[in-house]
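Comments concern the structure below.
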Amino acid sequence: MAQEIIAPLDGKVVQLHIRTGDKVEEDEEILVIEAMKMETPIFVPCDGTVTEIRVKEGDQVAENDVLAVIDEEHIEV
Amino acid sequence: MKPYFEKMTEFGHALKKGRIKSTEENLNSIKKIEENVADEMNRVKLAGFPEEKINARGQMTVWQRLEYLVDPGTWCPLHTLYNPMNNEEGTTNVIDGVGKISGKWAVIIGFDNKVMAGAWLPGQSENILRVTDLSKRLNIPLVWLVNCSGAKLTEQEKFYANRRGAGTPFFRHAELEQMGIPVLAGIYGTNPAGGGYQSISPTILFAHKDCNIAVGGVGIVSGMAPKGEFNLESAEGIIERAKQSRAKPPGSVNVHYDETGFFRYVFEDETGVLDGLKDYMKDMPAYHPKFFRVTEPKEPRFPIDDLYRLIPLNPKRVYDFDEVLARVVDSSEHMEFRPDYGPEVYTGLCKIDGFPVGCVGNRQQYLGRNYPEYADYPGMGGKLFRQGLIKMNEFVTLCGRDRIPMVWLQDSSGLDVGDAAEKAELLGLAQGLVYSIQQTDVPMMLLLLRKGTASAHYLMGGPTANRHNAFTLGTAASEIYVMHGETAAVATYSRRLVKEKEAGRPLEPVIEKMNKLAKDYHDKSRPLFCAKNGLVDEIVPLCDLRKYLLAFIGAAYQNPKSICPQHHMILPRIIKG
C-alpha cells in the first residue's frame, strides 16, 4: 500500500537522505525541513520502498504537500 | 490518593529500528563530548600529589575518604570542573556533591588534601557557598571533610576578603545551624587560620588524632611583628622559632580535646573519623520515604540510553520532549496539567522514586498556523508564548501550594518578540513567573537539556532563581548564551554594515568581525565553559540523569520544612477535573 509522506509545515527542504528505490525502515529520518530557524526531521511511518520523491534539496514546500511516497512493505503472517 | 497516583497515564513509545538507524551519529557525537568531559573530570581528580604519596604519609586522599564515607552508588558529584578564576591548579580545591551516608541524604564537601594540603584558592568560597546554599535549600545535613592548610598566600587578594570571600562560609555555617540544619565535620591534618574556622564553625567535630586547628598556624606564630624588612639576623630568628612551632603545632588534639573540648570525638584511624560521621548520620532528622511516597518506586518503561538518540546535539533540530521525559520518570507515567493550553510548554505531575514531582519542559515541535492565538504568524516550540507563560505561572503556584518539588527541563530559545507579543503581555507574564517562583517555597532543580537562552533561561527555574534552584545540571548538548552568536553578530554590526555599504567601503572587515563574534559566542557557551564558570553545577552524562533526579527528589523529601497532606493536594484534582 502506498504511504504519502506529508509536509507538516511550510519551509525549505535542507536535507534529503533518500533516493527512489531505497529501502526504508519505520521511523527512519528521510528528509529535513527548515522553518522559523529550526529543522524539523521527517520520519517514515512504516517499513517500505521509496517509490517517488517529489522534492529536492532547496525546494520550498507548503504544509500538507506530498514530499515522497513509500510502498509499504507487507509482511506475510 | 491511590486513584490519582498508583496508575497514571502512560506516555512515550519504544524506539523503532528506523529511528535507531538514523540516530547513530547523534549518539556517537554526544558520547564523544561526554568522554571529553570525563577526561577533564579525571584531570581534576589527579590534581596535586599522587594518591600513593599521600597514602605513604599514612593519610587517605579526599577521594578515598569520600568513597569510604558515602553509600555505594549514591554519590552525585557537583562543581567538579568549577574553576571560575582559572586557577593553575585546575580546581577550587574542594570536592562536593550529594550522596547518602548511612541511608540518609547529605550534602558532602571536602578539601583536596593532595593540592597544597587543601589550601584556600581563588573561587573556592563561591564553590562552598553554592554548597551551603544547597544544604539550606534541601534542608539536609552538610558534612565536611576538613583538611585545610589555610590560604594560598601568594594569591590572597583574590579571595580573602569581599562580600562572598573566604570568610563568608563561616557565616553560612552559622545560618544553617540557626535554621536547625546540622553541619558535621571530620577533621584531618593541619588547619590553621582559615582552616581553623573551617574546623570550628561546624556543629559537631570529629577529629583525627594527628589533626590540629588554630587561630594561627606555624607560619604566623613564627613570623609575626613586622620589622619593615628581612635580613640575615631576622631570618635566623625565624628559623629557630619555626623549628620549635613545627615540633608542636598549636591547637593539637591535646589542646582541643583535652583542654577546650571543642573536639567531640578523637579517633586513632582516619577511617575511624568517617565511621563516626556515619554513625551520627543515622540519627540525623529524616522522614521515612513512605511518609511522602505516593506509590512504590518503579523504573521508567524505556531505557535511559534512548536519550542519546532522542536529544539532538544540533540545537536547531526539533525533537519530542515527551519521549525524553518518559525516559526519566517512574513507569513513564504522568498526569499532564492543561494539555490543551499553551502547547509549547509541558507541565505535569510525574513520580520519581515513588515521590510526586512537578515537571516543566519545552516542547519543540511546530505549533500550527493558529498558534500563538494573538499573532498572524505560526509558532514553533522552544519559544515561549502567552499561554505557555500563563500555564507555567499556574503550575508553579499549585506545586508550591501542594509542597511538590519541581524539576525544570529547559531547552528554550526565548520568548516571542515584537509588538504582537508585547500586546499579548509577555513581558508582564514573564516577570509574573519570576514572582510565582519567588512566592513558592519548594526545592527546584534545573536540567538544561540543550539551550538556555535569553530570559527563558531565567524564568524556567534557572540558577538565577538561587533561593529555589538547588542545582542546575548540564548535558553534552547544553549551551548558554543571551542569544545565539549569529543573532548577536547581526545585532552588533547591522548598522555598521549599512554605513559601510553606503560609504562604498568593502564589507569584508565587518563580516570578519561578525564571524569572530559568532565564534566567540560558540566557544563561550560550550558545556566545559559552562561548568568551569559555574553556569551549570555539573555536566552529567545522559545515562546518569535519572540518578541525579533520584538524589534531588530523595533529598527534597527527606526532611521538608513544610508538608501538604496528600489528601489535601489540589493540583491532582485540578488535573483530573
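A quick note: this is a predicted structure, and the numbers were derived from the prediction, not measured.
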Any pair counted as salt bridge (charged side-chain N to carboxylate O under 4.0 Å, His left out), so long as it reaches residues 10-21 of chain A, sequence neighbours left out: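 Applying salt bridge (charged side-chain N to carboxylate O under 4.0 Å, His left out) to every pair that reaches into residues 10-21 of chain A, excluding sequence neighbours, yields D10(A)-R369(B).
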Examine whether an atom of V44(A) lies under 4.5 Å from a heavy atom of chain B, and if so say whether it belongs to the side chain, the backbone or both; otherwise answer neither.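 Neither part.
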Side chain, backbone, both or neither: which part of Q364(B) has an atom under 4.5 Å from a heavy atom of chain A?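 Answer is side chain: those atoms of Q364(B) sit under 4.5 Å from chain A.
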Is it the side chain or the backbone of K21(B) that comes within 4.5 Å of chain A heavy atoms, both, or neither?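 Contact with chain A is through the side chain of K21(B) alone.
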Using side-chain contact (heavy atoms from CB on, under 4.5 Å), reason through M36(A) and Y377(B) one step at a time and then give a plain yes or no. CA-CA 10 Å; M36(A) 292 172 272; Y377(B) 46 81; over 6 Å; no
Looking at H17(A), E26(A), E29(A), which makes the most heavy-atom pairs under 4.5 Å with chain B?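 Answer, by heavy-atom pair count under 4.5 Å with chain B: E26(A).
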Using a heavy-atom distance cut-off of less than 4.5 Å, which residues of residues 307-326 of chain B contact chain A?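 So far as heavy atoms go, N314(B), P315(B), K316(B), R317(B), V318(B) are the residues that approach chain A to under 4.5 Å.
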Among residues 24-33 of chain B, which residues come closer than 4.5 Å to chain A, judged by heavy atom distances?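 If one takes a 4.5 Å heavy-atom cut-off, no residue of residues 24-33 of chain B lies near chain A.
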OH/Y458(B): more than 12 non-hydrogen atoms of other groups inside 6.0 Å: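 Result for OH/Y458(B): open.
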More than 12 non-hydrogen atoms from neighbouring residues, nucleotides or ligands closer than 6.0 Å to CG on L427(B), yes or no?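 Atom CG in L427(B) is not packed in, count stays at 12 or less.
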How far does [atom1] of [X] sit from [atom2] of [Y], to the nearest 0.5 angstrom?
{"X": "I30(A)", "Y": "S22(B)", "atom1": "CD1", "atom2": "OG", "result": "9.5 Å"}
{"X": "E28(A)", "Y": "I20(B)", "atom1": "CD", "atom2": "CD1", "result": "12.0 Å"}
{"X": "D47(A)", "Y": "K16(B)", "atom1": "CG", "atom2": "NZ", "result": "10.0 Å"}

Heavy atoms only, distances under 4.5 angstrom: which of Q365(B), K17(B), H484(B) has the most pairs with chain A? Name it, please.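 Sorted descending by pairs with chain A, the first entry is K17(B).
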Sub-4.5 Å heavy-atom contacts with chain B: which residues of residues 53-67 of chain A show up?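 Against chain B, the residues of residues 53-67 of chain A that fall inside the cut-off (heavy atoms, under 4.5 Å) are E63(A).
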